[in-house]
Structures are given as structure tokens and as C-alpha cells.
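Note on naming: letters A, B, ... go to the chains in the order of the sequence lines (proteins, then strands), and numbering restarts at 1 for each one.
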Amino acid sequence: EAGVTQSPTHLIKTRGQQATLRCSPISGHTSVYWYQQALGLGLQFLLWYDEGEERNRGNFPPRFSGRQFPNYSSELNVNALELEDSALYLCASSLNYGYTFGSGTRLTVV
Amino acid sequence: GQQLNQSPQSMFIQEGEDVSMNCTSSSIFNTWLWYKQDPGEGPVLLIALYKAGELTSNGRLTAQFGITRKDSFLNISASIPSDVGIYFCAGQLPSNTGKLIFGQGTTLQVKP
């Protein structure tokens with residue numbers, strides 16, 4: 001069974017640009033979660049999608065947004081990138097309990 | 001907001017030694033999870049705890065869900081070099097927010 005897959009693995013963007021990160025959950029998992037892991041910090045909850053709807057968002061500005069597609073894959077968009085957005089962005093999926101994480105997308109803003 | 005206090009922050013031990021780390025909070029959690037993260041990878045679930053007082057083992061790993069539902073510990077017995085990594089506790093609140101609250105992590109280094 002394939003795990004949670006994220007793309008791209010690495011992404012370098014210039015300040016002010018937009019970044020799009022993608023996530024495919026484990027087959028059959030309907031919930032997708034996005035977390036930010038900045039250097040030296042723990043994992044911070046960004047967004048939760050379930051059955052195509054945004055169910056909850058963390059304490060992040062509106063330039064962090066996303067969506068979930070009918071096949072349950074998800075996209076995270078970060079607009080007007082700032083230097084402090086540089087981080088590892090992790091996607092996780094779950095069916096009921098126990099979140100399975102992908103390997104993440106390393107976003108670097110220069 | 002909700003916080004998890006994880007300790008110790010780092011550990012440097014000899015191969016074969018036992019390791020213990022814990023997480024405490026002022027909030028009550030429904031679920032406690034323990035993850036391990038290797039460099040450049042996402043966290044991998046080690047043990048999940050769903051009931052207060054529950055004690056669960058996974059090979060050399062043992063974790064417990066505190067009876068007050070505000071704490072949890074993870075023990076690793078007879079450590080080996082591949083145990084190196086960052087260990088995170090995570091708790092899920094009773095309200096169904098979909099959000100996990102993570103501890104700051106314990107960095108484990110094992111000397112062969």
C-alpha cells in the first residue's frame with residue numbers, strides 16, 4: 001500500500017511569489033492535514049480537510065489556503081511568500097485514528 | 001493555547017542503555033501519539049494510545065497514557081544506533097478539531 005506522497009520534494013521561491021504544494025493521501029483515507037515545521041520549532045497545525053471541505057485551520061494568515069479534490073488529494077497554496085515561510089511542510093492523512101505523514105516538501109524562500 | 005511540554009530536549013546515551021522521555025500538559029487529551037522523525041523525512045508513528053492508563057508496547061518501545069489524561073511517557077529499552085532521531089509526542093483534544101498538538105521533540109543520540 002502506498003503511503004502519503006507529497007510533491008515536490010524541494011521548492012525554492014522568491015519572496016512575494018506563490019507556492020503550490022501537493023499531497024496524495026493513503027488510498028481510502030478521507031482526511032488530509034497540513035502542518036508546518038520550521039527550523040527549531042515543532043509541528044504547527046495549518047489545515048484540515050475532510051470530504052472536500054475545510055474543517056479547521058490553525059493560527060496562520062489567510063495567504064495560507066488549500067483545497068481537497070474529489071479523489072481526496074489536496075493542495076496547499078501559500079501566497080505572497082515571506083522569508084519566514086521557509087519550512088518543511090508535512091501532509092498527513094487518516095481514516096479514523098492515527099495520522100500517517102508524508103516525507104514533506106522543503107520550501108525555501110529567498 | 002494548548003501546549004505540550006516534552007522532556008528532555010536532548011539525550012546522548014551509550015548503546016544498550018534504556019531511554020525515557022515524557023510529555024505533560026495542562027489540557028486533557030483523548031489520544032496520545034508518539035512519533036519518530038529522521039532527518040529529511042516525515043514523522044513515523046511509533047505508538048498510539050487511546051485510553052487513560054493504557055500501557056502499550058511495540059518491540060523495545062513502551063508507552064503509557066497517563067491516568068489523568070494530561071501526560072504520557074515513552075521508554076526505549078536496550079537502545080541501538082538506529083534509534084537516533086527526534087521523538088515527538090502528540091495529543092489530540094476531546095473536541096474534534098482534527099488538530100494534533102505536538103511537543104517540541106526529544107533529540108536522541110546513541111553512541112555505539
Check for a donor-acceptor pair, side chain of B:S57 on one end and backbone N or O of B:G59 on the other, with a separation under 3.5 Å. no
Counting only heavy atoms closer than 4.5 Å, note whether B:Q6 contacts chain A via side chain, backbone, both or neither. neither
Apply side chain to side chain donor-acceptor pair (under 3.5 Å) to residues B:S79 and B:E17 and explain how you reach the verdict. CA-CA 6 Å; B:S79 58; B:E17 289 183 351; over 6 Å; no
Residue part contacting chain B, namely of A:Q6, when any heavy atom lies under 4.5 Å: neither
Proximal component of B:I86, with respect to chain A [non-hydrogen, under 4.5 Å]: neither
With chain A, the option among B:P43, B:G103, B:A48, B:G40 that has the most non-hydrogen atom pairs under 4.5 Å is B:P43
Report the option among A:T100, A:L47, A:N56 that has the most heavy-atom pairs separated by less than 4.5 Å from atoms of chain B. A:N56
For A:E54, is the CD atom crowded, meaning more than 12 foreign heavy atoms sit under 6.0 Å from it? yes
Give a yes or no answer on whether the side chain of A:S93 reaches the backbone of A:H29 with a donor-acceptor pair at less than 3.5 Å. no
In chain order, what residues pass the ring pair (Phe, Tyr, Trp, His ring centres under 6.0 Å) check against A:W48, with sequence neighbours excluded? A:Y33
Begin from the C-alpha positions of B:T62 and B:N75 and carry the test side chain to side chain donor-acceptor pair (under 3.5 Å) through to its verdict. CA-CA 5 Å; B:T62 302; B:N75 288 339; over 6 Å; no
Ring pair (Phe, Tyr, Trp, His ring centres under 6.0 Å) filter on A:Y35, not counting sequence neighbours, yields A:F45, A:F101, B:F102
Using a 4.5 Å heavy-atom cutoff, which residues in residues 64-90 of chain A come close to chain B? A:L88, A:L90
Test salt bridge (Lys or Arg N to Asp or Glu O under 4.0 Å) applied to A:R55 - qualifying residues, sequence neighbours left out: A:D50
